[in-house]
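All remarks here apply to the structure that follows.
All residue numbers refer to positions in the sequence shown, counting from 1. Whatever order the structure lists ligands and atoms in, that order sets their numbers, starting from 1.
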Amino acid sequence: MTVTPRNPYALKEVFLADALADDERLWVKSADDVAFRPLFLSASQGYWMTIARIRRSGVVSRHSHPQPVHGYTIKGRWRYLEHDWVAEAGSYIFEPPGDTHTLVVDAEGGEMMTLFQVHGSMIYVDAAGAVTGYDDVFTRIEQCRRHFEAVGLGASYVERFIR
Ligand code: FE
């Protein structure tokens, strides 16, 4: 049996030399001092890889996940109100499907950056548990398209991250 160097049905790889991009245009702002850097947007599998960058303190979002999330903290610190651990640089977290949690960043940790692999969707809820909105790979793609258009890279810039 031989294996061809590249199966004709294989998707094209995605390689980014600068995942923690210095170029501010590559960070998609989602709220004041909250941004994400898209690395990989899987329209075919329904998940996305992003680096979250949060430069403010306090409650950032309350949400639940119907599918798993993996996170690796690169710098700073953050936590969920519902859990007793603190994510610091070098830590890894698996967020199980069904968990609802409130993301908090404390001022003393400074800027936080975390690589997240989010499957399915983020379902945003208010303090009473009522659903207020959602994100999935398609809303992320649309958010990126609008951002890249606005900063002059062009909406189609997002396509390099999509498979
Ligand atoms: Fe989460």
Side-chain angles (χ1 to χ4, degrees), residues 14 16 18-22 24-148 150 157-163:
V14 172
L16 306 173
D18 59 342
L20 302 181
D22 288 328
E24 197 53 32
R25 296 175 304 171
L26 299 179
W27 292 88
V28 180
K29 190 178 164 183
S30 53
D32 282 343
D33 295 321
V34 179
F36 66 90
R37 153 74 155 139
L39 301 177
F40 183 70
L41 301 164
S42 182
S44 57
Q45 303 270 326
Y47 74 95
W48 63 98
M49 308 284 304
T50 53
I51 295 173
R53 187 189 71 189
I54 300 174
R55 291 176 163 166
R56 69 175 160 92
S57 57
V59 170
V60 178
S61 105
R62 181 175 159 81
H63 59 265
S64 71
H65 303 282
Q67 291 194 43
V69 173
H70 303 272
Y72 174 76
T73 301
I74 297 163
K75 69 181 284 199
R77 50 182 289 177
W78 60 276
R79 59 196 171 89
Y80 286 134
L81 288 183
E82 295 80 1
H83 297 289
D84 60 5
W85 45 262
V86 176
E88 294 187 306
S91 67
Y92 162 78
I93 172 69
F94 160 65
E95 303 183 10
D99 205 47
T100 300
H101 40 237
T102 310
L103 174 59
V104 174
V105 176
D106 299 308
E108 59 271 23
E111 172 185 275
M112 85 77 143
M113 278 191 191
T114 302
L115 171 67
F116 280 114
Q117 175 170 345
V118 183
H119 292 258
S121 58
M122 307 262 296
I123 298 172
Y124 303 109
V125 297
D126 65 18
V131 173
T132 59
Y134 78 97
D135 270 308
D136 62 13
V137 69
F138 301 105
T139 66
R140 286 291 186 228
I141 288 170
E142 195 46 43
Q143 226 178 332
C144 291
R145 283 177 52 82
R146 281 196 307 264
H147 168 81
F148 292 134
Y157 191 86
V158 74
E159 287 162 19
R160 71 197 59 211
F161 307 115
I162 302 173
R163 293 291 183 275

Residues His65 and His119: side-chain donor-acceptor under 3.5 angstrom = no
So, Gln67 and Tyr47: side-chain donor and acceptor under 3.5 Å apart, yes or no?
-> no
Answer yes or no: is there a donor N or O on one side and an acceptor on the other, between the side chain of Asp135 and the main chain of Thr139, under 3.5 Å?
-> no
His83 versus Asp99, side-chain donor and acceptor atoms under 3.5 Å | yes
In this structure, which one of Tyr72, Phe94, Trp78 forms a ring pair (Phe, Tyr, Trp, His ring centres under 6.0 Å) with Phe116?
-> Trp78
cation_pi(Arg140, Phe36) dist<6.0 Å, angle<=45 | yes
Tally, protein N/O/S atoms nearer to the Fe ion (ligand 1) than 2.8 Å = 5
